Amino acid sequence: MANDAKLPLAVERWFSSTEHPLESAMRRVAAVILGADRRMTAEIRYGTVQFVYRGGFANFVQVSKKHQITVMFNVGKRIPGIFPHLEGDGPNARFMRFASLTEVNARAGELKRIAVAWCAMQDRA
């Protein structure tokens, strides 16, 4: 998915209504995740963008924090692989935080690998 590719209308509306100062970085996160695997989709769930393939993969959380972007990987602990920027030590969720578009671009490869690993894991389930 290119940066200028069309998002689902509901997701576009969400971005428009959120008015986040890091919107371009959030859109880049979406482009990386959706571009990682053609099976990945996006929808609005629980009031935020959720990325989905055979279950909820990840979503933007803590959107009211205007100084950063937080992506929660719902069962990130189970995604196979080593991902140095995933944070958290709880039983399921993992998080990746970004303070700028530059950080998103720097971690785009890792973000893509996480999405690809999710899709592969879901196919094995």
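This structure is a prediction, so every number in the text was calculated from the model and none was measured. Only this structure's heavy atoms are used, side chains among them; waters, hydrogens and symmetry mates stay out.
Between Trp118 and Phe57, the ring planes are tilted. Angles from 30° to 60° get that label.
Residues Phe98 and Phe95 do not share a hydrophobic cluster, defined by chaining ILVMFWY side chains whose heavy atoms lie under 4.5 Å apart. Val104 and Val63 fall within a single hydrophobic cluster, where Ile, Leu, Val, Met, Phe, Trp and Tyr are joined by side-chain heavy atoms under 4.5 Å apart, directly or via other members. The cluster map of Ile, Leu, Val, Met, Phe, Trp and Tyr, joined by side-chain heavy atoms under 4.5 Å apart, puts Ile44 and Phe51 in the same cluster. No single ILVMFWY cluster, assembled from side-chain heavy atoms under 4.5 Å apart, contains both Val116 and Met40.
The two atoms that bring Ala42 and Val49 nearest to each other are CB-CG1, 4.3 Å, heavy atoms only. Between Ala30 and Leu7, the shortest heavy-atom contact is CB-CD2, 4.4 Å. A pairwise comparison of heavy atoms in Glu103 and Ala99 identifies OE1-N, 2.8 Å as the closest pair. Minimum interatomic distance between Val32 and Ala108 (heavy atoms only, all atoms of both residues): CG1-O, 3.5 Å. For the residue pair Phe83 and Glu110, the shortest heavy atom distance occurs at C-OE2, 3.0 Å.
Looking at His20 and Lys65, their side chains never come closer than 4.5 Å, going by heavy atoms from C-beta outward. Side-chain contact between Met96 and Leu111 is present, with at least one heavy-atom pair separated by less than 4.5 Å. Taking 4.5 Å as the limit, every side-chain heavy atom of Thr18 sits out of range of all side-chain heavy atoms of Phe60. Looking at Asp123 and Arg39, their side chains come closer than 4.5 Å, going by heavy atoms from C-beta outward.
With hydrogens and angles ignored, the 3.5 Å screen pairs no side-chain donor or acceptor of Thr48 with any backbone N or O of Val61. The backbone N or O of Arg45 lies less than 3.5 Å from no partner atom in the side chain of Gln50, so there is not a single donor-acceptor pair. Using modelled atom types, no side-chain atom of Arg38 and backbone atom of Leu34 make a donor-acceptor pair closer than 3.5 Å. Side-chain atoms of Arg28 do not come within 3.5 Å of backbone N or O of Ser24 as any donor-acceptor pair.
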Please tabulate, one pair per line, all N/O donor-acceptor pairs under 3.5 Å involving side-chain atoms of residues 68-82, not counting sequence neighbours.
unit_1, atom_1, unit_2, atom_2, d
Gln68, NE2, Thr70, OG1, 3.2
Thr70, OG1, Gln62, OE1, 3.4
Asn74, ND2, Gly56, O, 3.3

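The NZ atom of Lys112 sits 13.0 Å away from the CD1 atom of Ile33 when rounded to the nearest 0.5 Å. Going from atom OG1 of Thr102 over to atom CZ of Arg107 covers 11.0 Å, rounded to the nearest 0.5 Å. The distance from atom CE of Met121 to atom CZ of Arg54, rounded to the nearest 0.5 Å, is 12.0 Å.
For Lys66 and Glu23, the salt-bridge test fails: no basic side-chain N is under 4.0 Å from an acidic carboxylate O.
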